[in-house]
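A short write-up of the structure that comes next.
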Amino acid sequence: MDLHVIGPLATPAERAAVDVVLGPAESGWRGGGRDPGTDGHVARGGHEARGRRDLLLPALHALQDRVGQITQPGLNYVCRRLSVPPAEAYGVATFYALFATKSRPPAVAHVCDDIACRLAGAEQVCADLTRSLGPAGEPARDGTLSWLRSPCLGACELAPAAMLTVAGEAPLRQTIAPIDAAGVIGRLEQAAAFPKAGPGATRAMAPSAATGAPGASGAPGIEAHREAARASVPQAGEPQLQLLRRVGLVDPTSLDDYLANRGYQALEAALAMGPEAVIQEVTESGLVGRGGAAFPTGRKWAAVAAQPAQPHYVVCNADESEPGTFSNRVLMELDPFAVVESMTIAGFATGASKGYLYIRGEYPLAEARIRHAIDAARANGYLGASVTGSPFAFEIEVRRGAGAYICGEETALFESIEGKRGEPRNKPPFPVEVGLFGKPTAVNNVETLVNVLGIVGAGPGGGKRFAEVGSGISTGPKLFCLSGSVGRPGVYEVPFGTTLRQLLELGQGVPGGRQIRAILLGGAAGMFVGADALDTPLTFEGTRAIGATLGSGVVMVFDESADMVGALRRIAAFFRDESCGQCVPCRVGTVRQEELLARLADRVEVRSREQELTLLGEIAQTMRDASICGLGQTASFAIESALRQPELVAL
């Protein structure tokens with residue numbers, strides 16, 4: 001039976017945008033012109049089209065970037081091209097927050113109102129925008145502009161922040177910070193009037209007003225790079241740095257600069273020592289995952305390398321969406337070639353010939369820098385069929401996320417790359433056996449991978465020397481994202497074992513002589529601690545001893561003027577919004593948790609406070625015990641930890 005979707009046809013602009021991603025349609029079965037003499041008798045290419053299901057998200061991004069929304073005709077055209085049922089494709093499109101399936105203005109400001117930006121005045125920015133442009137989500141200025149509230153944009157050191165998106169032939173994605181309402185409106189008007197650079201061009205600009213005036217390519221000069229580096233990495237240029245040693249000293253868009261500063265020495269060492277020796281060095285280093293799970297990296301790589309199933313994959317998880325986390329963004333923006341080199345080493349060690357870097361959609365500059373680094377590496381023989389002239393072949397493909405915190409979970413990330421809703425898989429099987437496309441996969445975040453350069457690049461014994469820093473399972477340097485009520489927020493590199501007090505001293509403490517009220521460790525999925533925890537060593541063991549967690553390295557400071565009740569309600573709203581809805585404990589529990597907090601905050605008495613707190617504990621325990629993934633299992637951590645300390649929050 002020859003089935004067709006009934007409805008209007010996609011516009012030429014929509015078809016052209018999709019065809020840039022998928023290639024030209026070759027037959028009526030693939031969305032092209034129908035030849036009754038051929039297509040009327042034989043269905044050609046259906047299996048091949050379905051085998052390209054993983055291109056669904058890139059095709060949806062193409063529609064969103066070109067026309068500002070995913071229309072029904074545009075979605076139908078994508079479905080015909082990829083042989084995806086329209087209902088499934090619609091389910092994918094509506095899963096991701098950065099995709100719009102209803103009409104909205106082409107120019108939109110996504111204004112962060114998450115906890116770090118709240119501390120920097122984001123609520124006032126939103127109130128001013130409401131007075132100037134109307135409520136969030138409503139068209140303004142004759143339907144040309146609009147604004148939306150957004151979860152964390154990963155620019156916490158520069159807060160408050162906003163991301164601009166402008167659809168068109170030369171679509172714009174730009175993060176700007178710090179910003180106020182007048183700046184948001186002015187940038188929206190300026191961006192909408194930006195001269196068109198031609199089809200297929202994407203304008204991706206730097207996240208700080210201090211980065212100068214970039215052109216359409218998004219490439220500011222070297223002085224602007226240095227200014228931007230100092231804004232995000234106060235230690236930039238200091239000689240003791242390892243992970244951040246090139247930041248602020250080199251042009252992140254220059255491969256020559258990278259090579260002149262020990263670039264690709266680690267890859268050369270890896271190729272010389274062989275895959276087994278690389279894994280041995282990484283294992284001896286004690287390096288564990290820096291995204292929060294702290295799984296031994298060497299063990300993971302060895303497990304993938306030992307799998308008989310082929311092919312193997314390497315995935316760099318750059319979907320850094322934990323509120324308060326921005327270290328991966330800084331590495332990708334300011335040292336992108338290091339990320340590419342470390343992924344290549346991971347591919348060599350695990351026997352993979354293909355890597356995927358999944359980057360969150362809110363990181364336009366980081367994405368542009370990474371894509372440029374990949375292209376430059378390929379053009380100079382550091383990627384491709386013969387890496388640096390060796391028999392080793394490796395390629396990297398970038399996939400852009402679309403606004404889903406859950407896709408930071410490794411198996412949800414796999415589902416997203418494969419063109420599906422980002423819903424976590426049950427484990428086992430684990431990714432080292434059945435990962436991306438059902439094949440053995442090594443997945444690490446950006447910071448974990450960049451650590452490998454210092455281990456392998458040091459040659460034989462590099463792993464043991466790495467392990468001499470820190471203690472226990474906490475070895476090597478660690479990046480911490482310091483934000484909130486501190487004098488110099490930013491990414492700080494310190495050895496494991498540095499105390500919380502020492503880190504805050506690096507950030508110049510709390511300004512204005514105010515006192516610390518609370519510190520959030522690990523982000524929204526972390527724990528609140530008080531000033532009595534300042535002498536805690538920042539190690540996995542040290543934070544565990546006080547009932548807290550390092551998580552992804554978030555250290556967010558709240559002074560005595562902070563609205564702690566508002567912060568807790570924002571955390572609860574965040575988890576409610578970001579729950580993928582797959583499992584009942586998380587889907588229902590995050591809603592009930594938010595409702596309960598609202599009752600306590602608004603003094604709505606349904607039951608006594610003690611009974612409400614008991615109910616909150618039961619909800620939290622159910623989510624911990626029965627949720628499929630870490631989102632539900634940790635959704636109550638920060639809230640419960642704050643309520644256990646009455647001096648932190650009065651509810």
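Values in this document were obtained by computation on a predicted structure and should not be read as measured data.
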*asked:* Using every non-hydrogen atom in the two residues, find where T549 and L521 come nearest and quote the distance to one decimal.
replied: O-CB, 3.5 Å

*Indicate yes or no for a side-chain donor-acceptor contact from E447 to the backbone of L479 under 3.5 Å, with no hydrogens or angles considered.*
yes

*Main-chain N/O of D257 paired to R246 side chain as donor or acceptor, under 3.5 Å*: no

_Rounded at 0.5 Å granularity, tell me how far NZ in K478 sits from OG1 in T498._
11.5 Å

_For the student: nearest non-hydrogen atoms of E493 and P477, plus distance_ = OE2-CB, 3.8 Å

_Using 0.5 Å steps for rounding, measure from the CZ atom of F574 to the CG atom of L631._
7.0 Å

*Mark yes or no for whether E395, through its side chain, and S353, through its backbone, hold a donor-acceptor pair below 3.5 Å.*
no

*Salt bridge check: are E367 and R371 linked by an N-O gap of less than 4.0 Å?*
yes

*Please determine which of D319, I359, I417 meets the side chain to side chain contact (heavy atoms under 4.5 Å, CB included) test together with R399.*
I417

*CZ of R517 to CD of E560: how many Å apart, nearest 0.5 Å?*
9.0 Å

*Interatomic spacing from CG in N451 to OG1 in T297 - rounded to 0.5 Å*: 8.0 Å

_Counting only heavy atoms not in R644 (residues, nucleotides, ligands), do more than 12 fall under 6.0 Å from its CZ?_
yes

*With sequence neighbours excluded, tell me which residues meet side-chain contact (heavy atoms from CB on, under 4.5 Å) with S390.*
L271, V387, T388, F392

*Whether D251 side chain and T253 backbone form a donor-acceptor pair below 3.5 Å*: yes

*asked:* Would you compute the distance between atom OG1 of T411 and atom CD1 of I406 and round it to the nearest 0.5 angstrom?
replied: 8.0 Å

*asked:* Can you confirm whether or not the ring centre of Y382 sits under 6.0 Å from the ring centre of F337?
replied: no

_Using every non-hydrogen atom in the two residues, find where V446 and C316 come nearest and quote the distance to one decimal._
CG2-SG, 3.6 Å

*Going by atom types alone, do Q280 and E276 pair a side-chain donor with an acceptor below 3.5 Å?*
no

*If only atom types and distance count, is the side chain of R465 paired as donor or acceptor with the main-chain N or O of A458 below 3.5 Å?*
yes

_Between Y258 and D335, does the side chain to side chain contact (heavy atoms under 4.5 Å, CB included) criterion hold? Intermediate values first, please._
CA-CA 8 Å; Y258 183 71; D335 200 5; 3.7 Å; yes

*asked:* A side-chain contact here means heavy atoms from C-beta on lying under 4.5 Å apart; do L500 and T543 qualify?
replied: no

Show the atom names and distances, to 0.1 Å, of all donor-acceptor pairs under 3.5 Å that link a side chain in residues 157-164 to residues at least two apart or in another chain.
from : atom 1 : to   : atom 2 : distance (Å)
E157 : OE1    : R329 : NH1    : 3.3
E157 : OE2    : S232 : OG     : 2.6
E157 : OE2    : R329 : NH1    : 3.3
E157 : OE2    : R329 : NH2    : 2.6

*At their closest point, which heavy atom of T350 faces which heavy atom of A442, and how far apart are they?*
CG2-CB, 4.1 Å

*Taking the side chain from Q645 and the backbone from F528, do they hold a donor-acceptor pair closer than 3.5 Å?*
yes

*M332 side chain reached by E320 side chain, heavy atoms, under 4.5 Å*: no

*asked:* I'd like to know if the side chain of R488 and the backbone of V486 have a donor-acceptor N/O pair within less than 3.5 Å.
replied: no

*asked:* Using every non-hydrogen atom in the two residues, find where V469 and P495 come nearest and quote the distance to one decimal.
replied: CG1-CB, 3.8 Å

*Smallest separation among heavy atoms of T325 and C481, with atom names*: CA-SG, 4.0 Å

*Say whether, by atom type as modelled, one donor and one acceptor occur between the side chain of R501 and the main chain of D535 under 3.5 angstrom.*
no

*Please answer whether the main-chain N or O of L365 pairs with a side-chain N or O of E333 as donor and acceptor at a distance below 3.5 Å.*
no

*Determine yes or no for a side-chain-to-main-chain donor-acceptor pair under 3.5 angstrom, with T441 supplying the side chain and L436 the backbone.*
yes

*Taking the side chain as C-beta and beyond, is there a heavy-atom pair between V288 and T475 under 4.5 Å?*
no

*asked:* Please report the interatomic distance OG(S474) to CG(L550), rounded to the nearest 0.5 Å.
replied: 6.5 Å

*Going by distance alone, is a donor N or O of one side chain under 3.5 Å from an acceptor N or O of the other, for D256 and S254?*
no

